[in-house]
Amino acid sequence: MRIATFNINGVKARAEVVLDWLRDGAPDVALLQEIKSVDEAFPREPFEDLGYRVETHGQKGFNGVAILSKLPIEDVTRGLPGDEDDEQARWIEATVIGARAVRVCGLYLPNGNPAPGPKYDYKLGWMDRLKTRAEALLKMEEPALMAGDYNVIPQDDDAARPDAWRDDALARPETRAAFREIVNLGFTEAFRARKQGPGHYSFWDYQAGAYDRNDGIRIDHHLLTPQAADLLTECWIEAELRGREKPSDHVPVWIELDA
DNA sequence: ATGGTAGATAGTCTA
C-alpha cells in the first residue's frame with residue numbers, strides 16, 4: 001500500500017496538476033491538504049474516473065483536507081476532537097482496507113504565524129489536541145498513521161537556512177517541543193527512519209526563487225504507530241514536482257507499507 | 001528594511 005501526502009494549495013487551481021500526478025504515480029491513498037473548497041464544490045468526478053473514492057472535509061476559502069483512495073475505506077470521521085467550537089477544516093480519518101486495515105489520518109496543522117499571538121496560541125492548542133488523538137491511536141495497537149502538512153520544521157537539518165526560521169511559528173522551540181512530545185509517545189517519523197542528514201525538503205516558497213536556490217524546508221510528515229512502522233518499506237519525497245508547470249508550493253511525500 | 005508570489009475572493013486574508 002502506497003500512501004502520499006500532498007498539500008495542493010487549492011483544488012480549483014491545481015486539479016489538472018493533481019490528476020496528472022495521480023495518473024503517473026497511482027498512489028493507493030492520497031491525503032490532500034489546503035483544498036480551499038467547500039465539499040459541494042470539490043470536483044469529484046475526474047478523481048472518481050481515475051478509480052478513487054473521494055472523502056472531503058472542506059470549508060470556504062481556506063484550509064480543507066481530503067482522502068482519496070483506490071482501496072475500500074470505512075469509518076470516515078471529520079474534524080480533530082477536543083474543541084466543539086473549532087470550525088477550521090484540518091483533520092480527516094478513515095480506515096483503508098488493503099492486505100491489512102490501516103487507520104489513516106490526514107491533517108493540516110495550523111501555520112501559527114505571527115508568533116507570538118493568537119494564531120500561535122491556536123497552533124499550540126491544536127497540537128495539544130493532536131497529542132490526545134495520537135495517544136488514543138496508539139492504544140488501539142493497530143497499524144495507523146497521521147500524515148500531512150504539519151507546519152513544523154522538526155530540526156535545523158530540515159531547513160536550508162535554519163537561522164532564518166529561528167523565531168518563526170514553524171520552528172520555534174515550543175513548536176519543536178510539541179512535535180517531539182507527540183513523536184516520543186511512540187511514533188516513527190517515516191522519512192527520518194529511512195534517511196538522515198540535511199538537504200531534504202517538501203516546501204519551497206513561491207517568492208524570491210526559493211526552489212531555484214533550493215531554499216526549502218521539510219514540513220510534511222508521516223507519523224506511524226509501531227504496528228504501522230513494522231510495515232514500512234520505503235519513504236521518499238517527490239521533489240521533482242516542484243519544478244513543473246503551475247506547481248503547488250509543497251510536494252508529495254510518499255510511504256510504502258507492506259499492507 | 002522592504003517586497004518579492006500564489007490562491008480564494010471580491011476587500012483583504014492566509015500562507
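Each chain gets a letter, A, B and so on, in the order its sequence line appears, and its residues count up from 1.
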Return the 5'-most residue of the pair N151(A), Q207(A) with respect to DNA chain B, ranking by each residue's nearest nucleotide. Q207(A)
How long is the line joining CD of Q59(A) and P of dC13(B), in whole Å? 16 Å
Contact class for R242(A) (heavy atom, under 4.0 Å): base, sugar-phosphate, or nothing? nothing
Is it the case that Q33(A) and T5(A) place a side-chain donor and acceptor less than 3.5 Å from each other? yes
About how many Å separate OH of Y201(A) and NE2 of H250(A), when rounded to the nearest 0.5 Å? 15.5 Å
Protein-nucleotide distance (D205(A), atom CG; dA15(B), atom C1'), rounded to Å: 8 Å
From CG of D212(A) over to C1' of dT5(B), roughly how many Å is that when rounded to an integer? 13 Å
Between atom NE2 in H250(A) and atom P in dG7(B), what is the gap in whole Å? 13 Å
Starting from P on dC13(B), measure out to CG on N9(A) and report it in whole angstrom. 19 Å
Which whole number of Å gives the distance between the P atom of dT12(B) and that of dA1(B)? 28 Å
Could you tell me whether Y211(A) contacts a base, only the sugar-phosphate backbone, or nothing, with contacts defined as non-hydrogen atoms closer than 4.0 Å? nothing
Could you tell me how far apart N7(A) (CG) and dA8(B) (P) are, to the nearest whole angstrom? 12 Å
When rounded to the nearest 0.5 Å, the distance separating CD of E256(A) from SG of C235(A) is 11.0 Å
Interatomic distance, Y206(A) OH vs dG4(B) P [rounded to whole Å]: 18 Å
With no hydrogens and no angle check, just 3.5 Å: does a side-chain donor-acceptor pair link E93(A) and W91(A)? yes
Within the 3.5 Å criterion, strictly below it, is a donor on K119(A) or N113(A) matched to an acceptor on the partner's side chain? no
From CD1 of I8(A) across to P of dA15(B) the rounded distance in Å is 16 Å
So does K36(A) get a side-chain nitrogen or oxygen closer than 4.0 Å to the phosphate oxygens (OP1/OP2) of dA15(B)? no
Using heavy atoms to find the nearest nucleotide of DNA chain B for K12(A) and E34(A) separately, return the residue whose nucleotide is more 5′. K12(A)
If the P atom of dA10(B) is compared with that of dT14(B), how far apart are they to the nearest Å? 14 Å
